[in-house]
J.: 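Please read through the structure below; I'll follow up with questions.
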2 protein chains.
Amino acid sequence: MNTKYEGFETPGITVDLSIFTVNETRLKVMLVRRAEVPFQGYWSLPGGFLKTSESLDAAAQRVLCEKSGVSDVYMEQLYTFGDPKRDPRSRVITVAYIALIPWQSLPQPASEKVTDLTWASVDALPKLAFDHREILSYAVKRLRAKVSYSNIVYGLMPKQFRLSELQSMYETIIDDKLDKRNFRKQMLATGLLKETGKKELAGAHRPAMLYQFKSKEIVFFN
Amino acid sequence: MNTKYEGFETPGITVDLSIFTVNETRLKVMLVRRAEVPFQGYWSLPGGFLKTSESLDAAAQRVLCEKSGVSDVYMEQLYTFGDPKRDPRSRVITVAYIALIPWQSLPQPASEKVTDLTWASVDALPKLAFDHREILSYAVKRLRAKVSYSNIVYGLMPKQFRLSELQSMYETIIDDKLDKRNFRKQMLATGLLKETGKKELAGAHRPAMLYQFKSKEIVFFN
């Protein structure tokens, strides 16, 4: 123990990830089953301890890649949870991240150890380890808020899509229905989309224009 | 050293606060002069090490109260900065917070040790210790973004105010001019304000209605 820090905390640091995808019009989050105590056998958010000389973002990327098999996806730091009692072992502070993966980009099956990893609907969660329920609630809240004032939804969409698919994505995330005409008008007014020039047949309807996001950087609008 | 954590970080944890106020139509942030190495004599954001068994929010409140003399003000966690090289002594991760104080609520003078504490305009900053310039840039960006989709500005306003004073506050924060008619219309349309029923003389103009925010909790609009 470094005496310089006497009376002060030198806690373990973890990163915990709320990795979202949308499949079958459900917002889903990756959960992993804990092999060890505490909370052995419980589902939890994927995470891990910060390694020596590792940056927080690098640790989050490492966990993302290990668990999902993908790396080049939208990720942002969410919030840091530091309640003194959140880990029964010792003081552990966790820096929470959000990551978004288009369902189409996920390797199938998403993991070799399939029984230890699942994609759970955020409205039908099992009991979670630690304060992961609280962290996940905060992550869902952030995602729901952010779709209304940014292009963050691009992180969940395939490269090209019909406007009706984009509307369905929004409806799934905010868990509400949107008016088709208003949605199209407002979405196009943001200036964030561009036509690909290609059209796609969708059921019995006329071929619909395929769009893509102009930017794969986060942009805010209002 | 706990061998359980070998290969993992057990860093010092600090909180650092960007405490904002607005005075003389300038967005200002509290800076304190460092008495000790490293960066001795440099200006820095007020902060401190996390104490044993102290929550992050409690540490931020403690620093806020010690430095500003006030406690019941708007505060939110901003972001956690954990670059491995950000502190030349050893690994220190800092959880950054934003606090907002109405100028009228500040004890005057704001500190006994006046030479060690200043309110600097965010557009005329001295050289800052550590990565505090980066932290502060992020804090200003968050504040500027958040005024456009929430009522966060209440944290900087006196209890009652004329709409022209509120407009001036917005203009100071976003560093831009706003159209008076549109501002009044949009602001009243958010439903976040209520008339106090009282009017106040303002210069040579007709007495103007005094308003207040309905809620002192953060509310989002769009």
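Given the structure is predicted, the values throughout are model-derived calculations rather than measurements. When reading the values below, keep in mind they use all heavy atoms of this one structure, side chains included, and skip hydrogens, waters and symmetry mates. Residue numbers start from 1 in every chain, and the chains themselves are labelled A, B, ... in the order their sequence lines are given, proteins ahead of strands.
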J.: Verify the neighbour count for atom CZ of B:R26: are there more than 12 heavy atoms of other residues, nucleotides or ligands below 6.0 Å?
T.: no
J.: Mind ranking B:P84, B:G82, B:A58 by heavy-atom pairs under 4.5 Å with chain A and telling me who comes out on top?
T.: B:P84
J.: Surrounding NZ of A:K216 (heavy atoms of other residues, nucleotides or ligands, distance under 6.0 Å), is the total greater than 12?
T.: yes
J.: Just give me the residue among B:R86, B:K85, B:Q77, B:K51 that pairs up with chain A most often, heavy atom to heavy atom, under 4.5 Å.
T.: B:Q77
J.: Is the shortest side-chain heavy-atom distance between A:R91 and B:L50 below 4.5 Å?
T.: yes
J.: Surrounding CG of A:D72 (heavy atoms of other residues, nucleotides or ligands, distance under 6.0 Å), is the total greater than 12?
T.: no
J.: Counting only heavy atoms from other residues, nucleotides and ligands, does the tally under 6.0 Å from OH of A:Y42 exceed 12?
T.: no
J.: For A:L78, is it the side chain, the backbone, both or neither that has a heavy atom under 4.5 Å from a heavy atom of chain B?
T.: neither
J.: Do A:T10 side-chain atoms and B:G12 backbone N/O form a donor-acceptor pair below 3.5 Å?
T.: no
J.: Is the count of non-hydrogen atoms from other residues, nucleotides or ligands lying under 6.0 Å from A:R142 atom CZ greater than 12?
T.: yes
J.: Could you grab the distance from atom OH of A:Y79 to atom CD of B:E76, nearest 0.5 Å is fine?
T.: 8.0 Å
J.: Under 30°, 30 to 60°, or over 60°: which ring-plane class applies to B:Y149 and A:Y149, parallel, tilted or perpendicular?
T.: parallel
J.: Assess whether side chain to side chain contact (heavy atoms under 4.5 Å, CB included) is satisfied between A:I13 and B:I13, documenting all intermediate values.
T.: CA-CA 10 Å; A:I13 305 288; B:I13 304 288; 3.5 Å; yes
J.: Tell me whether B:S55 contacts the main-chain N or O of A:D83 through its side chain, where contact means a donor paired with an acceptor under 3.5 Å.
T.: no
J.: Rounded to the nearest 0.5 Å, how far does CG of B:L56 lie from OG1 of A:T80?
T.: 7.0 Å
J.: For the CD atom of B:E9 and the CZ atom of A:F49, what is their distance to the nearest 0.5 Å?
T.: 12.5 Å
